[in-house]
Amino acid sequence: MSRDQSPELTVPTPRGGSNPMTTPSDTAAPAGAGEGDDSQLLRTRRQKLDTLRERGIEPFAYHFDRTHPTTETLAAFERAEEGGELDEEGRGESVRVAGRIVSWRGHGRSAFAHIEDGYGRIQLYFRLNVLGDERFGDLDLLDLGDWVGVEGPLFRTRTGEVTVLAQEWSLLSKSLRPLPRGKEEVDPETGERVVHSGFADVQSRYRQRYADLAVNPEVRDVFRLRARVVRSLRAFLDERDYLEVETPILQPLYGGAAARPFTTHHNALDMKLYLRIADELYLKRLIVGGLERVYEVSKDFRNEGIDRSHNPEFTMLEFYQAFADYREMMSLVEAMLEGVALDATGGRQVSYQGTRIDFTPPFQRVSFVDELSRALGRDLHDMTDADLRERAKQEVDDQVEGMGRGRLLDKLFGALVESDLRAPTFVVDYPVELSPLAKLHRDDPRLTERFELFVAGRELANAFSELNDPLDQRARFLEQVRLRDAGDDETHPVDEDYLRAMEYGMPPTGGVGIGVDRLVMLLADQPSIRDVILFPTLRPEEGEGG
RNA sequence: GAGCCGGUAGCUCAGCUGGUAGAGCAACGGACUUUUAAUCCGUAGGUCCUGGGUUCGAUCCCCAGCCGGCUCACCA
């Protein structure tokens, strides 16, 4: 086709040998792999692979016994140094380390390299007179990105860096594709790593997260932090005698949030199924069943837009506690976030995109109606639906026709109040129209006992005193259906099974949902939800999918 | 969905009033036995996002499209 001939290639030859290289034909290339990807860089690495095999070096090893990870190796040397345990040449014990080659500085008859493992990096020093002609010559077949294992004593170079003097090395895995690695230097003043022309294209970074992780250590740190956050959330609840449970992702009926679902189809049952948009209705069934405290950390799926704070699949923590009301849950959320901030970052305050955020309880509390009334300049309760629709038209300039009062209030709140809520702030007591699963407020039937927590202008948690009156719940569902018929496509369907559960009797219960990705964003100081999800949802690359 | 900005070598980016492209790093060959953004000499590497149009001639100008980023809207 377009690829008619391969240009002549220069290939490294074994030092002092007369090894005839394979011609750069396709014969060595497994069919399919890399086909059509005939860049010079890739072909060069393929040929090194062939040459390695010709020299009897297996490019993909099965195993390597290392004595320590890199960081421990360095620490061990320093201990030996302080303890006066080095030999007369200043050498420590022999170690075996393994990692990916991240830099290489050849000097003719010697070479320096750094390898990186899951913990850190360490410098290697290769010398011709240590390794011998053959093994030193074979180093020519290594590339940045290769995984190697090295054995030898530790010493300190003239510039003071603890280094492995390689007496033997082995190739653990050949890299056939160059990593998009920039050059790095370490600022001698601050000790900080400065990366020059690194891997920056955001789309490629998300798409090829493996390369992003391989090349950007700070990305690995974000996901380590994420794991600490999730572990801390679980520990907090486990300590309080909560039971971790798993409820269905595939559901015959969806509910628990106002969102459009994904649908799928089960072949054997020949039925439509929805991917869950929330865990809520199943977890409350468990409360009915007598599991007093339950929680679930799970993926939810919402078939809606994608932006910096929304990914179609995202991680939600929901927890429910019998006999608690929303006030009690508020205190619990405060304590939980304080604890998570401490566990994940070591402090109660974090800097998020230049703003200091303090998770020290108590958080501010404001009333939904007061805040929105102030923003509108009128008491909300005095405004008709038509008034609200008029204001919504002005403020959000959107198709507001067909929206019920609840949605209008929510739109206005989102447009006028939300983004100003920077410090952790509980917004409490939402109008009943926008909270179909929350109990009526004990002092004001126009409101529900509900709070949302906002941090940095974004919703982080949503909670209420759970509605446990099956008759009221049925009426709320029917109102949702009415709204759906009026054109709102994010309303709840009636869930008869859930109502049946309510009828058996649900104790008073407090429930909370926390967006885990958004929490990680805050604690890791990441501007986009895609930065805290390893493989965010993307349009498929050309040639993939539909 | 709207506005703005962008898509050029593996990576990061230049590219003037239109004359079919450059740099640094990476790669390849050579020199160099304590370097660390190693250094020095040399070489190779391009569907300038795609398709039209204008023009003798388009990476550049025009139109359409695709993809991405940012802002806004949407997403309780």
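Labels below follow one simple rule: chain letters A, B, ... track the order of the sequence lines, proteins then strands, and each chain is numbered from 1.
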*Where the side chain of A:Thr163 is defined as all heavy atoms beyond and including C-beta, which of B:rU35, B:rU12, B:rU33 is the nearest nucleotide?*
B:rU35

_Nearest-angstrom distance, C1' atom, B:rC60 to B:rG7_ = 14 Å

*Give a yes/no on whether any side-chain N or O of A:Arg308 is located under 4.0 angstrom from OP1 or OP2 of B:rG69.*
no

_Nearest listed nucleotide, side chain of A:Arg530, among B:rU34, B:rU35, B:rG69_ = B:rG69

*Report yes if the side chains of A:Tyr282 and A:Arg276 come closer than 4.5 Å at any heavy-atom pair, otherwise no.*
no

*CZ/A:Arg127 to CD/A:Gln167 distance, rounded to the nearest 0.5 angstrom?*
11.5 Å

_Shortest side-chain distance from A:Leu41, nucleotide among B:rA76, B:rG10, B:rU12_ = B:rG10

_Euclidean distance for P, B:rG69 against B:rG22 (whole angstrom)_ = 32 Å

*Contact class for A:Asn129 (heavy atom, under 4.0 Å): base, sugar-phosphate, or nothing?*
base

*With a 4.0 Å cut-off on heavy atoms, is A:Ala111 in touch with a base, just the backbone sugar-phosphate, or nothing at all?*
nothing

*Whole-angstrom distance between B:rG24 and B:rU33, as gauged at atom P*: 26 Å

_Considering every strand and a 4.0 Å limit on heavy-atom distances, what is the contact class for A:Gly414: base, sugar-phosphate, or nothing?_
nothing

*asked:* Considering every strand and a 4.0 Å limit on heavy-atom distances, what is the contact class for A:Glu452: base, sugar-phosphate, or nothing?
replied: sugar-phosphate

*Would you call the rings of A:Tyr326 and A:His441 parallel, tilted or perpendicular, where under 30° means parallel and over 60° means perpendicular?*
perpendicular

*Residue A:Asp143, side-chain heavy atoms: nucleotide from B:rU34, B:rA27, B:rU35 that is nearest*: B:rA27

*Can you tell me if the side-chain N/O atoms of A:Arg158 get under 4.0 Å from OP1 or OP2 in B:rU35?*
yes

*NA contact type, A:Phe155, heavy-atom cut-off 4.0 Å: base, sugar-phosphate, or nothing?*
base

*Which heavy atom in A:Phe413 sits nearest to a heavy atom in A:Glu371, and how many Å separate them?*
CE1-CB, 4.3 Å

*Separation between the C1' atoms of B:rA58 and B:rC74, rounded to whole Å*: 40 Å

*asked:* Looking only at the side chain of A:Arg302 (C-beta and beyond, no hydrogens), which of the listed nucleotides B:rG68, B:rU33, B:rA76 gets closest?
replied: B:rA76

*asked:* I want to check one thing: is the phosphate of B:rU33, taken as OP1 and OP2, less than 4.0 Å away from some side-chain N or O of A:Arg109?
replied: yes

*Distance-only polar pair, side chains of A:Gln123 and A:Thr163, donor-acceptor under 3.5 Å*: yes

*asked:* Determine whether a donor-acceptor pair (one donor, one acceptor, N or O, separation below 3.5 Å) exists between the side chain of A:Ser110 and the base of B:rU34.
replied: no

_Sugar-phosphate, base or nothing in reach of A:Glu459, heavy atoms under 4.0 Å_ = sugar-phosphate

*Take atom P in B:rA21 and the same atom in B:rC66, then report the distance between them in whole Å.*
30 Å

